[in-house]
2 protein chains.
Amino acid sequence: MTNDIPLPKPGSAVRGSQSGQPIMVLFDLLSRRWAMGILWNLSDQNRNFRDLQARCDSASPSVVNTRLKELRAVGLVERADDGYSLTGDGRDLFKRLEPLGDWAQEWIPTLAAASRDD
Amino acid sequence: MTNDIPLPKPGSAVRGSQSGQPIMVLFDLLSRRWAMGILWNLSDQNRNFRDLQARCDSASPSVVNTRLKELRAVGLVERADDGYSLTGDGRDLFKRLEPLGDWAQEWIPTLAAASRDD
DNA sequence: TGGCATTGCTACTAAATTCGTAGCAACCTA
DNA sequence: TAGGTTGCTACGAATTTAGTAGCAATGCCA
């Protein structure tokens, strides 16, 4: 075996789920800053670095770049002539992420209402 | 002012999506360390603090506690006689998260295979 | 009543990640 | 050839996480 790292952990360090449960490995990857935001923003069209950065709340270029490297390393994102794009797997994953968008739209209002009476 | 924070941001600081897009607010909250792992582990049954901690790769108690406070603050988790449990909203969110589990199970193997030939 | 184990959580330092900003090399484009 | 754009590296400061120790409260049992 040439490679037996705890999978994701592209950037190594602090993180790295030991449980071995696939979902935890995925959570580990997706919970890195802007990982989901990048996938989300690439879902409707390819985007170049600066565009992506702007759409991710002007995240610092180092984070965007690191995340792009990781997402490419695990085959969810790839380079395209016009910037970056989701791979087949990336689109597949996005489909499972998409429902969160609808839910968030219903949830945020209730959250806002609730936090008004603390 | 009693409360005008950019919603989630329960612990404030570094994070806090400005875009205002609900999905980004949700991603912001969920991408905090172990947030999704906690929701996931509470989905099948209530669990006490130490059990939860153990299931989250023995995450440090400070992180687990901080996350629990945040998740309770936004009404996704609540205390129960036998530990912590998901609220109605929490279960609702979990339903949208669940598909990721199936996807992860199919994806991890391909990831492992791909990383063998670096 | 006196251990003793379990549980929830606080404290604190070190390590890692993220932020924010500056800036450069490679490409257009006029 | 003088901008303007784009992709990305550098780097110090600010935050978050990790790891570990430990304490107060509660439950159980002899």
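Keep in mind that what you see is a predicted model, and the values were worked out from it rather than measured. In what follows, chains carry the letters A, B, and so on, assigned in the order in which the sequence lines appear, proteins first and then strands, with residues in each chain numbered from 1.
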Roughly, in whole Å, what's the span from [atom1] in [X] to [atom2] in [N]?
X       : N      : atom1 : atom2 : answer
A:Asp57 : C:dT21 : CG    : P     : 13 Å
A:Asn65 : C:dG20 : CG    : P     : 18 Å
A:Asp81 : D:dG7  : CG    : P     : 13 Å
A:Arg32 : C:dT17 : CZ    : P     : 8 Å
A:Leu68 : C:dT18 : CG    : P     : 13 Å
A:Leu29 : C:dT17 : CG    : P     : 14 Å
B:Ile38 : D:dT17 : CD1   : P     : 11 Å
A:Arg55 : D:dT6  : CZ    : C1'   : 16 Å

Given D:dT20, C:dG20, C:dC9, the nucleotide with the shortest approach to the side chain of A:Ser60
C:dG20
Out of C:dG8, D:dA18, C:dT18, whichever nucleotide has its closest atom nearest the side chain of B:Arg33:
D:dA18
Base, sugar-phosphate or nothing for A:Ser62? Non-hydrogen atoms, less than 4.0 Å.
base
[N] phosphate, OP1 or OP2, under 4.0 Å from [X] side-chain N/O:
X       : N      : value
B:Arg67 : D:dT17 : yes
A:Lys69 : D:dG7  : no
A:Tyr84 : D:dC8  : yes

So does [X] pair up with [Y], basic N to acidic O under 4.0 Å?
X       : Y       : answer
A:Glu98 : A:Lys95 : no
A:Asp28 : B:Arg33 : yes
B:Asp82 : B:Arg79 : no

Is there a side-chain contact between [X] and [Y] (heavy atoms, below 4.5 Å)?
X       : Y        : value
B:Leu76 : A:Trp107 : yes
B:Arg72 : B:Tyr84  : yes
B:Ile38 : B:Cys56  : yes

Before giving the answer on side-chain contact (heavy atoms from CB on, under 4.5 Å), spell out for B:Trp34 and B:Gln53 the whole-Å C-alpha distance, their side-chain angles and the decisive distance to 0.1 Å.
CA-CA 10 Å; B:Trp34 292 116; B:Gln53 187 189 351; over 6 Å; no
For DNA chain C, determine which residues of residues 42-53 of chain B have any heavy atom closer than 4.0 angstrom to one of its atoms, and list them numerically.
B:Asn48, B:Phe49, B:Arg50
